[in-house]
Protein chains: 2
Amino acid sequence: MADTRRRGAELEEAILSAAADELREAGYPGLTMDRVARRAGTNKNAIYRRWPNRAALGLAAYRRLASAVRPPDTGALATDALELLRAANRHWSSPLGEILRALLADAPELMAELRGPGNDDGSDLWLAMLARAVARGEARPEALHPRVATVPVALLRNEYIARGAPHVPDEVLTEIIDLVYLPLVRR
Amino acid sequence: MADTRRRGAELEEAILSAAADELREAGYPGLTMDRVARRAGTNKNAIYRRWPNRAALGLAAYRRLASAVRPPDTGALATDALELLRAANRHWSSPLGEILRALLADAPELMAELRGPGNDDGSDLWLAMLARAVARGEARPEALHPRVATVPVALLRNEYIARGAPHVPDEVLTEIIDLVYLPLVRR
DNA sequence: CTTCTTAGGGTACGGTCCGTACCGTAAATC
DNA sequence: GATTTACGGTACGGACCGTACCCTAAGAAG
């Protein structure tokens, strides 16, 4: 029998790919070790040899599904901020966002690594956007602080988590920008 | 055999009490239907006749453990806000907060009912405190809006959820107040 | 007081999923 | 060619959830 057995990186790739497929099709709740193993044409041993548990595999698989956001530059603070917030909202309300939230709920401590250096939490994006606004004289220089710059995403995230809403309407976004962000960072 | 069988409200009380005990001792993950039933001296039938699933029972049990926060009134906006935020932080970092977070993660849609009228999310507290500050001329009247008034708790909640931290240090609280809240609501 | 209905108690079970253990064998290494 | 490592197959223990029965006490109806 030509068993043509896969090993190492090749097998790892197959597992990760299968896991990503499962995530896409059935979300995090549908990501079971048995299904991933079967789909990858292997068995759970091979998975547990690489990831300690389901959550870790889920995170790894999520990573390959997520894509970076490209920063907007409309030339005005208000529209830049709203656009950035809308992008975040699109992500969070997409199937991918649902996965992210489920993952966050299941293994919060694991998610810290998503926010390490070279992070994807987007604080760089907000700081860069705000820096341009400061340069234009639109914003206070003191606002150039991660805690301040990322207030809108924090509020949006709160909206999702605290209210368990599958979608946040655009009015909330404009409210966050108009009532909170602009009064906060404008000079 | 004197079976002295409990019914109705009495039994319901026993179940709820047992569930609350389990929550206190083992947290939400340790709240299992079998254990609650055994502890209440009954069986799962009686539970499922009253609550549709584990999450609903967990929420009901949590309710009887949670207590209301009493609003501070120090006479100054900065200290009032910090005190209110500290109270929230104490709650969230306590075992009770851990339960709340687990519950929120497991059944977000159920938690909406915690935020109904007569809510415990504390937006009333923040609005009341802010109203006093407005009356003293410390804050802008336009800030008297739920979205604006509750920004600090939203940011704190975000800190817990997004970072999966079991505890948020006091410096973060002061940062939230000094860098965000005061600049935002002061005239 | 008797009969009927409702709600508890006891128990067992199906089903799902995680994580682990073995066992034989292909692939890589020596 | 011999040895070690990593896969594949499979089975299993264990935890829970939620449901189904069957028997009986408590309360209601007559």
Side-chain angles (χ1 to χ4, degrees), chain A residues 1-23 25-62 99 102-103 105-110, chain B residues 1-23 25-62 99 102-103 105-110:
Chain A
M1 309 253 205
D3 209 327
T4 187
R5 194 179 282 188
R6 297 160 303 177
R7 288 176 90 86
E10 187 189 353
L11 180 57
E12 181 154 340
E13 164 59 30
I15 294 173
L16 221 38
S17 167
D21 287 348
E22 291 290 338
L23 265 192
E25 291 175 17
Y28 184 61
L31 183 83
T32 85
M33 303 307 258
D34 293 86
R35 288 175 61 85
V36 171
R38 196 148 42 76
R39 182 163 201 156
T42 180
N43 61 356
K44 292 192 287 181
N45 275 336
I47 304 182
Y48 280 104
R49 211 170 282 134
R50 294 173 166 79
W51 293 275
N53 51 48
R54 172 168 171 265
L57 173 63
L59 176 57
Y62 167 81
I99 292 169
L103 222 33
D106 190 52
E109 73 289 351
L110 262 180
Chain B
M1 310 250 204
D3 210 327
T4 186
R5 194 179 280 188
R6 296 160 303 176
R7 288 176 90 86
E10 188 190 352
L11 180 57
E12 180 153 341
E13 165 60 28
I15 294 173
L16 221 38
S17 167
D21 286 349
E22 291 290 338
L23 265 193
E25 291 175 17
Y28 184 60
L31 182 84
T32 85
M33 303 308 258
D34 293 85
R35 287 175 60 84
V36 170
R38 196 149 41 76
R39 181 164 203 153
T42 180
N43 61 354
K44 292 194 286 180
N45 276 337
I47 304 181
Y48 280 105
R49 213 171 279 137
R50 295 172 167 78
W51 294 275
N53 51 48
R54 172 168 170 265
L57 173 63
L59 177 56
Y62 167 80
I99 291 169
L103 223 34
D106 190 51
E109 73 288 351
L110 261 180

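Residue numbers begin at 1 in each chain, while the letters A, B, ... track the order of the sequences.
Side chains of A:R54 and A:Y28 form a contact here, defined as non-hydrogen atoms less than 4.5 Å apart. You'll find the side chain of A:V36 stays beyond 4.5 Å of the side chain of A:T32, heavy atoms only. Using a 4.5 Å cut-off on side-chain heavy atoms (C-beta onward), A:L57 and A:L16 make contact. Side-chain contact check for B:E10 versus B:R5: every heavy-atom pair is 4.5 Å or farther apart. Between B:M33 and B:W51, every side-chain heavy-atom pair lies at or beyond the 4.5 Å cut-off.
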Table of protein N/O atoms under 3.5 Å from nucleotides 19-22 of chain D N/O atoms:
residue, atom, partner, partner atom, Å
D:dA20, N6, B:N45, OD1, 3.3
D:dA20, N6, B:N45, ND2, 3.4
D:dC21, N4, B:N45, ND2, 3.0

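Atom CZ in A:R50 sits about 16 Å away from atom P in D:dT5, given to the nearest Å. With rounding to whole Å, A:N53 atom CG is found 14 Å from C:dC17 atom C1'. Distance A:R5 CZ to D:dC7 P: 9 Å, rounded to the nearest Å.
In this structure a side-chain-to-backbone donor-acceptor pair under 3.5 Å is present from B:R50 to B:A46.
Residues from residues 29-38 of chain A with heavy atoms under 4.0 angstrom of DNA chain C, sorted by number: A:L31, A:T32, A:M33, A:D34. Residues from residues 7-14 of chain A lying near DNA chain D, meaning a heavy-atom separation below 4.0 Å, are A:R7, A:G8, A:L11 in numerical order.
Residue A:P52 comes nearest to A:A56 through the heavy atom pair CD-CB, 3.7 Å, listed as atom of the first residue, atom of the second, then distance. Closest non-hydrogen pair, A:A40 versus A:R6, comes out as O-NH2, 2.8 Å.
Taking only side-chain nitrogens and oxygens, A:R54 comes nearer than 4.0 Å to OP1 or OP2 of C:dC18. Taking only side-chain nitrogens and oxygens, A:R6 never comes nearer than 4.0 Å to OP1 or OP2 of C:dA28.
By the 4.0 Å N-to-carboxylate-O rule, B:E22 lies too far from B:R38 to be salt-bridged with it. Ionic pairing of B:E12 and B:R49 is not present here: no N-O contact between side-chain nitrogen and carboxylate oxygen is shorter than 4.0 angstrom.
For B:R49, the listed nucleotide lying nearest its side chain is C:dA7; candidates were C:dG24, C:dG19, C:dA7.
For B:R35, the CZ atom is loosely surrounded, since the number of other residues' heavy atoms within 6.0 Å does not exceed 12.
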